[in-house]
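This report concerns only the one structure given below.
A, B, ... follow the sequence lines: proteins, then strands. Residue 1 opens every chain.
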Protein chains: 2
Amino acid sequence: MAKDGERREAWTGPATDYVLEHGLIGLSLRPLAKALGTSDRMLLYHFGTKDDLVAAVLTESNDRAVAAVESLSPSPDLRSAVLDLWSVADNSQFAPCTRLYVEAAALGLLGREPYASLVSEANGRWLASLVTHLTRSGVDRPLARRLVTVIDAAFLGFQLDAALDASGTTRKRAVADLADAVAELGS
Amino acid sequence: MAKDGERREAWTGPATDYVLEHGLIGLSLRPLAKALGTSDRMLLYHFGTKDDLVAAVLTESNDRAVAAVESLSPSPDLRSAVLDLWSVADNSQFAPCTRLYVEAAALGLLGREPYASLVSEANGRWLASLVTHLTRSGVDRPLARRLVTVIDAAFLGFQLDAALDASGTTRKRAVADLADAVAELGS
DNA sequence: GACGATGTGTAGCAGTTGCTACAGATAAGT
DNA sequence: ACTTATCTGTAGCAACTGCTACACATCGTC
């Protein structure tokens with residue numbers, strides 16, 4: 001294993017970019033290695049295992065999404081907080097992170113490891129960042145924790161829709177509906 | 001190709017059962033064939049292609065879910081309609097159908113065919129059945145069409161949660177919240 | 001300068017994948 | 001009985017998978 005993981009660290013970012021673009025499900029080491037200008041042999045030497053590499057990529061992607069939410073300035077109220085959060089999730093830069101999350105979740109659906117654990121952990125950090133943004137926007141912490149389940153579930157569904165369905169207008173209204181509905185719940 | 005698809009038809013059901021249990025993503029013809037008491041050779045002969053087989057399975061699974069929704073008796077109001085629909089989606093018999101749908105959607109996320117088209121078509125029929133149930137429960141058709149986007153998105157998200165997270169109580173409240181919120185939107 | 005540790009390239013293994021060539025079976029139609 | 005179309009089993013192909021054995025390079029240390 002690498003002495004200090006220097007190369008490993010240097011590869012994690014580009015590897016994540018590659019996976020975000022090409023998807024996780026059919027991921028193969030050789031094309032990825034080629035894109036990074038190296039060989040599968042080297043990837044395995046520095047990451048140890050394909051699963052370890054995937055874990056690093058998933059964590060990196062999750063970190064990016066969480067950082068994006070954390071960099072959000074507080075929203076004036078609950079309704080706009082939901083809209084602001086969606087604007088992050090739907091952002092062309094971070095939507096692939098959600099997509100990757102969905103892929104990993106699908107892989108973990110039947111308990112397949114390491115995906116199930118990875119996704120569960122990633123989900124925890126992601127939900128926590130949503131809760132934090134809601135509280136920073138003036139929402140009660142217990143209420144935020146409660147609403148975040150619905151919000152996140154709807155976001156995932158919207159993201160799936162977005163990728164498979166062209167009709168963005170329907171979804172736009174659905175997002176607004178969600179924001180209204182959640183705001184109603186919070187009052 | 002088969003003269004009248006008799007064997008193909010006879011295999012579609014069991015094959016769907018197998019895929020619902022073992023998942024779509026890692027699906028391989030040889031184990032499936034073994035479970036059906038035949039060989040991959042025969043599956044390909046009668047279905048033509050693995051993609052064709054998957055298409056048949058996906059359609060069958062979708063048909064089952066749609067049939068379950070259609071067999072639902074009308075709900076007294078919008079709120080209970082949402083809860084009743086969820087009780088179908090979360091049913092131990094039909095939850096695997098949703099799970100399979102998520103797997104197919106994940107496979108189609110990057111436009112990979114035939115998954116993207118199949119999922120898009122399946123989604124259309126599924127959404128239509130949800131709309132029908134809402135209208136049969138006294139909801140305005142335009143309103144039903146509008147709300148169904150949010151409802152379905154949240155359902156998908158819940159289903160992902162359900163598979164990856166043990167905590168059923170949180171989700172139970174989230175479902176109730178969703179029902180409340182949607183009911184509020186409809187009034 | 002010898003030596004061990006760390007890194008890298010080549011080549012290949014064993015397993016799996018969807019799919020197919022080939023030969024034989026079966027049965028229906030003439 | 002002979003042909004023709006439908007069906008099925010065996011065996012295998014070519015491509016790909018994650019991963020590894022082996023040889024070579026490089027480098028800091030004694």
Side-chain angles (χ1 to χ4, degrees), chain A residues 1-16 18-19 21-59 100 103-104 106-108 110 112-118, chain B residues 1-12 14-16 18-19 21-58 100 103-104 106-108 110 112-118:
Chain A
M1 228 93 342
K3 187 175 60 181
D4 56 359
E6 182 188 330
R7 190 136 321 184
R8 175 185 162 131
E9 213 164 308
W11 276 340
T12 300
T16 304
Y18 180 92
V19 174
E21 184 182 345
H22 294 85
L24 172 64
I25 286 179
L27 179 64
S28 175
L29 289 182
R30 273 174 258 249
L32 168 62
K34 196 172 202 171
L36 298 189
T38 178
S39 68
D40 56 328
R41 167 74 179 72
M42 284 299 97
L43 288 182
L44 287 169
Y45 178 78
H46 287 283
F47 283 92
T49 280
K50 188 196 178 186
D51 283 349
D52 293 339
L53 191 159
V54 168
V57 163
L58 244 40
T59 304
L100 178 56
E103 283 194 88
L107 280 166
L110 291 105
R112 226 172 314 194
E113 292 298 350
Y115 301 102
S117 311
L118 284 172
Chain B
M1 233 90 343
K3 189 176 59 181
D4 56 0
E6 183 188 330
R7 188 134 324 182
R8 175 185 162 132
E9 214 164 309
W11 277 339
T12 300
T16 303
Y18 179 91
V19 175
E21 185 182 346
H22 295 84
L24 172 64
I25 287 180
L27 179 64
S28 174
L29 289 182
R30 274 174 256 249
L32 167 62
K34 196 172 203 173
L36 298 188
T38 180
S39 67
D40 56 330
R41 168 74 179 71
M42 286 299 96
L43 288 182
L44 287 169
Y45 179 77
H46 288 283
F47 283 93
T49 280
K50 188 196 179 186
D51 283 349
D52 293 340
L53 191 158
V54 168
V57 163
L58 245 41
L100 178 56
E103 283 194 87
L107 280 166
L110 290 104
R112 228 173 312 195
E113 291 299 350
Y115 301 102
S117 311
L118 285 172

For this session: Look at all strands and tell whether L53(B) reaches a base, only sugar-phosphate, or nothing, counting heavy atoms closer than 4.0 Å.
Result: nothing
Seminar exercise, completed: L44(B) atom CG is separated from dT8(D) atom C1', nearest whole Å, by 13 Å
For this session: Would you mind reading off the distance between W11(A) atom CH2 and dG7(C) atom P, rounded to a whole angstrom?
Result: 11 Å
Exercise. Of the candidate nucleotides dT20(D), dC19(D), dG9(D), which contains the atom at the shortest distance from the side chain of R41(A)?
Worked result: dT20(D)
For this session: Specify whether F47(B) and W11(B) have parallel, tilted or perpendicular ring planes, treating 30° as the upper limit for parallel and 60° as the lower limit for perpendicular.
Result: parallel
Problem set entry | Close side-chain approach of L58(B) and L24(B), heavy atoms under 4.5 Å | yes
For this session: Kindly point out which of dG9(D), dG18(C), dG7(C) is positioned nearest to the side chain of H46(A)?
Result: dG7(C)
For this session: With heavy atoms under 4.0 Å as the rule, sort T49(A) into base, sugar-phosphate or nothing.
Result: sugar-phosphate
Seminar exercise, completed: Of dC19(D), dT8(D), dG7(C), the nucleotide closest to the side chain of R7(B) is dT8(D)
Exercise. In whole Å, what is the span from the CG atom of D52(B) to the P atom of dC19(C)?
Worked result: 9 Å
Exercise. Separation of L43(A) atom CG from dG7(C) atom P, in whole Å?
Worked result: 15 Å
For this session: Mind checking L27(A) for me? I need base, sugar-phosphate or nothing, with any heavy atom below 4.0 Å counting as a touch.
Result: sugar-phosphate
Problem set entry | Interatomic distance, M42(B) CE vs dC19(C) P [rounded to whole Å] | 14 Å
For this session: Starting at atom CG of D40(B), determine the distance to atom P of dG12(D), rounded to an integer number of angstrom.
Result: 15 Å
Exercise. When you measure from the side chain of Y45(B), which nucleotide among dT6(D), dT20(D), dC19(C) comes out closest?
Worked result: dT6(D)
For this session: Establish, with yes or no, whether the OP1 or OP2 oxygen of dT8(C) is under 4.0 angstrom from a side-chain nitrogen or oxygen of S39(A).
Result: no
Exercise. Is there a side chain to side chain contact (heavy atoms under 4.5 Å, CB included) between T16(B) and V19(B) once you walk through the steps?
Worked result: CA-CA 5 Å; T16(B) 303; V19(B) 175; 5.8 Å; no
Problem set entry | Close side-chain approach of S39(A) to M42(A), heavy-atom, < 4.5 Å | yes
For this session: Give a yes or no on whether a donor-acceptor pair under 3.5 Å exists between the nucleobase atoms of dG18(D), that is its base, and the side chain of R30(A).
Result: yes
For this session: Answer whether the closest heavy-atom distance between the side chains of V57(B) and Y18(B) falls below 4.5 Å.
Result: no
For this session: Using atom CG of L32(A) as one end and atom P of dC19(D) as the other, report the distance to the nearest whole Å.
Result: 13 Å
Exercise. Rounded to whole angstroms, how far apart are NZ on K34(A) and C1' on dT17(D)?
Worked result: 16 Å
